[in-house]
Amino acid sequence: DIEKDTVDFSPNYDETTEEPSVLPARFPNLLLNGTAGIAVGMATNIPPHNLGELIDGIFAIIKDPEITIKKLMKYIPGPDFPTSGFIYGTAGIKNAYETGRGKIVLRARAMIEVQSRSGKNAIVVTEIPYSVNKAKLIERIADLVRNRKIEGISDLRDESDREGMRIVIELKKDVVAPIILNRLYKTTPMESSFGVIMLAIVDGRPKILNLKDALVHFIYHRREVVLRRTRYELRKAEERAHILVGLVKALENIDEVINIIKTSKNQPEAKQRLIKRFKFSDIQAQAILDMRLGRLTSLEIEKVIKEYEEVMALIKELKKILSDEKVLISVIVKELEDIKEEFTDERRTEIIEETKELTIEDLVEQEDLVVTVSHRGYIKRAPLNQYRSQKRGGKGMSGMGTIDGDFVENLFVAKTHDQILIFSSLGKAYSLRVHEIPQGGRASRGRSVVNLVQMSQNETIASLIAISDSGGDSGGDSGGDSKSNLHILMATNKGMIKKTEIVEFKNAKHTGLIAIGLANDDKLVSALMVKSGKDIVVATKNGYAARFVETDVRAMGRSAQGVKAVNLQKGDAIVGIALVEKGITLLTVTEKGYGKRTKTSEYPKQKRGGKGVITLKTTTKTGKVIGVKMVSKDDEVIMISNKGKFLRLKAKDVPVQGRNTQGVKMMNLVKEERLSGMAVLAEKEDKDETKE
């Protein structure tokens with residue numbers, strides 16, 4: 001309708017012609033297709049929207065001019081991008097629609113498929129965020145894989161064709177696909193943001209508009225366009241009606257009209273005579289003179305009369321539009337309905353309501369896992385159900401594949417989301433999440449810790465502490481409650497002990513930090529989490545144990561060396577520390593598979609730095625003590641040998657004996673086989689498993 005005087009025209013840049021100051025759009029194009037631009041000191045960035053939703057929003061405003069933006073968003077829930085994908089979270093949309101500014105997070109649509117050729121899992125991307133270049137996205141992923149920023153991707157290819165986009169990211173075996181997908185979102189343009197700035201020129205001035213303002217201004221614009229078009233059409237209709245009135249009058253007196261024209265010397269004379277005789281206007285007289293002879297048939301006369309009636313009806317309708325606001329609005333609505341019916345399509349971009357930041361933990365199911373660490377630093381995790389219960393004295397079954405000179409040294413139960421603090425023999429602390437530890441079968445060897453944290457070649461793992469999300473421990477060498485008033489207690493081979501607040505380790509990363517200062521030739525042998533006021537037992541390999549209150553050890557910084565825990569005899573060394581709990585017993589285990597439980601009441605409280613008392617009578621038959629654990633009768637114990645075998649048994653099957661005894665045979669070991677580690681499980685066995 002630009003030719004119907006619907007908008008103003010102004011000179012173009014060099015005044016050689018004129019151009020419309022604004023186009024008479026029949027739909028809200030500014031919101032439908034969006035726009036982006038930068039000017040001096042300002043910028044605009046309006047996202048595209050769905051046509052049908054915009055028109056429904058306009059109808060809602062027309063029906064209820066006082067509608068709130070919150071209610072308006074029921075009709076227009078958010079932008080709709082032509083490249084589809086996801087809008088992640090609604091907070092940015094809400095801000096943009098209410099204030100004119102907001103940040104919308106966009107995500108690619110990706111699914112995890114099993115490849116028919118290789119049988120491996122693959123992440124298949126079929127939709128990407130708006131304005132993201134597919135080639136640059138693939139290049140970015142390839143760079144991250146080459147630089148080892150993302151591990152677990154074996155192949156990357158573009159299978160896009162006329163049917164649509166398809167980027168295939170093939171994964172290595174045993175890789176958790178959701179974790180890789182989440183890392184791709186975090187490190188590549190598969191997740192990008194659209195900064196909304198709804199700035200437009202309103203009445204010649206730049207203005208930030210909210211959603212309702214933008215639609216209201218369109219309605220005003222459309223109202224003005226329809227009014228100006230109607231006035232133009234009315235003027236043209238009235239001009240035509242004026243001519244038709246003259247034609248009808250001339251046809252009624254056709255013989256006289258023809259006679260006047262025939263007897264006139266020229267057209268000007270004929271025009272003047274017709275005006276004088278029939279009171280025609282100049283326009284009417286000229287139309288009569290321009291009329292062809294074919295119009296003089298009876299059928300043509302009827303057509304002229306019918307056209308006159310139609311024009312008069314149109315004039316009546318146009319005047320009604322100009323005089324009645326409701327009729328004017330109905331015209332606008334009808335035209336929008338026609339556009340919606342002909343051009344609207346389904347929404348392409350899916351809006352995900354959840355606005356919580358997605359972390360790797362959100363994609364990993366929470367479950368109990370057994371974490372095992374070998375003497376040479378190979379670590380793995382495995383489902384707890386792989387470790388079925390057996391009776392005391394059993395031979396066990398293979399639990400980890402080992403190589404010559406290697407054996408399982410540490411084992412404990414933790415949940416998938418727990419944090420693992422790894423304390424090294426050199427007194428450093430490293431941090432891992434359990435889900436970052438590679439999963440392996442019962443007999444698999446696992447992966448070297450040095451590939452997961454930045455330990456040096458001369459470091460070995462001294463202790464691991466699993467810290468749950470709630471702040472307490474979840475197994476291993478730890479114990480405690482909430483994070484308030486919690487400390488890490490560390491003991492060294494040469495009899496030193498140190499206590500440090502747990503908050504000191506909150507910044508522990510894969511790169512590690514100092515946990516304890518060590519003297520020459522000393523090494524860290526054990527660490528656990530302790531709550532203030534607890535009694536602890538420090539055990540030595542020659543079968544001695546000292547019990548004292550942890551408050552005897554004052555809290556120190558991470559770099560301090562600590563204080564003396566026990567007075568060691570020549571050739572003796574600390575093998576472990578344990579927390580004393582009410583109603584439980586101290587389990588002591590030797591390298592040759594002997595062990596026993598002893599009531600904690602048999603261990604008198606002493607001052608820190610003493611010799612301690614006998615906890616197990618060591619002989620050549622029993623071998624040296626390898627560790628101590630606090631257990632209840634409902635606990636279960638897993639024991640590991642240096643040959644990679646394990647035995648799971650109930651703590652109640654281990655007899656309670658006095659301190660000055662050798663204990664009983666707990667695990668049958670073959671020649672040169674030694675017990676190397678043990679862990680305590682706090683869960684109960686199912687009845688069916690017990691029968692088995």
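Of the options I55, L54, L31, a side-chain contact (heavy atoms from CB on, under 4.5 Å) to I76 is made by L54 and by none of the others.
Residues P24 and K4 fail the side-chain proximity criterion, which asks for heavy atoms closer than 4.5 Å. Residues P79 and T349 have side chains not in contact (no heavy-atom distance under 4.5 Å, counting atoms from C-beta outward). Proximity of I61 to F218: side-chain heavy atoms (C-beta onward) are nowhere separated by under 4.5 Å. Counting heavy atoms from C-beta on, the side chains of K136 and P189 never come closer than 4.5 Å. Y130 has its side chain within reach of P48: a pair of non-hydrogen atoms, C-beta onward, lies under 4.5 Å apart. You'll find the side chain of F9 reaches within 4.5 Å of the side chain of I2, heavy atoms only. Residues R433 and Q419 form a side-chain contact, since some pair of their non-hydrogen atoms from C-beta on lies under 4.5 Å apart. You'll find the side chain of L171 reaches within 4.5 Å of the side chain of I153, heavy atoms only.
No donor-acceptor pair closer than 3.5 Å links the side chain of K320 to the backbone N or O of V327. For N29 (side chain) and N33 (main-chain N/O), no donor-acceptor pair under 3.5 Å exists by modelled atom type. In terms of modelled atom types and a separation under 3.5 Å, the side chain of N210 and the main chain of D213 share a donor-acceptor contact. A distance-only check finds no donor-acceptor pair linking the side chain of T90 to the backbone of I93 [under 3.5 Å]. Under a 3.5 Å cut-off, the side chain of R222 and the backbone N or O of A25 do form a donor-acceptor pair. Judged purely by atom type and a 3.5 angstrom limit, K212 has no side-chain atom pairing as donor or acceptor with the backbone of E98. Of the possible donor and acceptor atoms, none in the side chain of N147 sits under 3.5 Å from a partner among the backbone N and O of K149. Judged by distance alone, the side chain of T35 and the main-chain N or O of I46 form no donor-acceptor pair under 3.5 Å.
Atom CD1 of I329 sits about 7.5 Å away from atom CD1 of I219, to the nearest 0.5 Å. Here the CZ-OG1 distance, from R381 to T416, works out to 7.0 Å after rounding to the nearest 0.5 Å. The distance from the CG atom of L181 to the CD1 atom of I123 is 4.5 Å, given to the nearest 0.5 Å. A distance of 9.5 Å separates CG in N121 from CD in E170, rounded to the nearest 0.5 Å. Separation of atoms CD1 (I261) and CG (L274) is listed at 5.5 Å; rounding is to 0.5 Å. Interatomic distance, CG of L137 versus CG of N133, reported as 8.5 Å (0.5 Å rounding).
Nearest heavy atom pair, residue E127 against residue G85, reads OE1-N, 2.7 Å. The shortest heavy-atom contact between V257 and A250 is CG2-O, 3.8 Å. In terms of heavy-atom proximity, P77 sits nearest to E53 at CD-OE1, 3.5 Å. Considering all non-hydrogen atoms of both residues, L452 and P438 come closest at CD1-CD, 3.8 Å. Taking both residues in full, the closest heavy atoms of A214 and M198 are given as CB-CE, 4.4 Å, listed atom of the first, atom of the second, then distance. Across L199 and T44, no two heavy atoms sit closer than the pair O-OG1, 2.8 Å.
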* Going through the checks in order, is the ring pair (Phe, Tyr, Trp, His ring centres under 6.0 Å) test met by F59 and Y75? -> CA-CA 10 Å; F59 291 164; Y75 303 95; 9.7 Å; no
* Could you walk me through whether E239 and I243 pass the side chain to side chain contact (heavy atoms under 4.5 Å, CB included) test, one step at a time? => CA-CA 6 Å; E239 290 174 358; I243 291 173; 5.7 Å; no
* To do: Could you give me the CA-CA distance, side-chain angles and deciding distance for K340 and D56, then say whether salt bridge (charged side-chain N to carboxylate O under 4.0 Å, His left out) is met?
  => CA-CA 9 Å; K340 179 182 177 182; D56 288 341; 2.6 Å; yes
* Asked: Does the pair E224 and Y220 meet the rule for a side chain to side chain contact (heavy atoms under 4.5 Å, CB included), with working shown?
  -> CA-CA 6 Å; E224 183 66 19; Y220 287 159; over 6 Å; no
* **Pair R348-D80, salt bridge (charged side-chain N to carboxylate O under 4.0 Å, His left out): steps then yes or no** => CA-CA 6 Å; R348 299 185 183 188; D80 189 19; 5.8 Å; no
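A side chain to side chain donor-acceptor pair (under 3.5 Å) check over residues 255-264, counting only residues at least two apart or in different chains, returns the pairs E256-R277, T263-R273, S264-R273. Listed by first then second residue, pairs satisfying side chain to side chain donor-acceptor pair (under 3.5 Å) with a partner in residues 301-312 read R240-E307, not counting sequence neighbours.
A salt bridge links D368 and K415; the closest N-O separation between the charged side-chain nitrogens and carboxylate oxygens is under 4.0 Å. Salt-bridge formation is not detected for the pair K172/E151: no Lys NZ or Arg NE/NH1/NH2 atom is positioned less than 4.0 Å from an Asp or Glu carboxylate oxygen. A salt bridge links E335 to R229: one of the charged nitrogens lies within less than 4.0 Å of a carboxylate oxygen. By the 4.0 Å N-to-carboxylate-O rule, D8 lies close enough to R228 to be salt-bridged with it.
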Could you tabulate the donor-acceptor pairs under 3.5 Å formed by side-chain atoms of residues 162-169, not counting sequence neighbours?
residue	atom	partner	partner atom	Å
R166	NE	E159	OE1	2.9
R166	NH2	E113	OE1	3.2

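Taking the six-membered ring where the residue is Trp, H435 and H417 present perpendicular rings, their angle passing 60° and hence far from 30°.
In summary, the aromatic rings of Y88 and Y185 are positioned with their centroids too far apart to meet the 6.0 Å limit.
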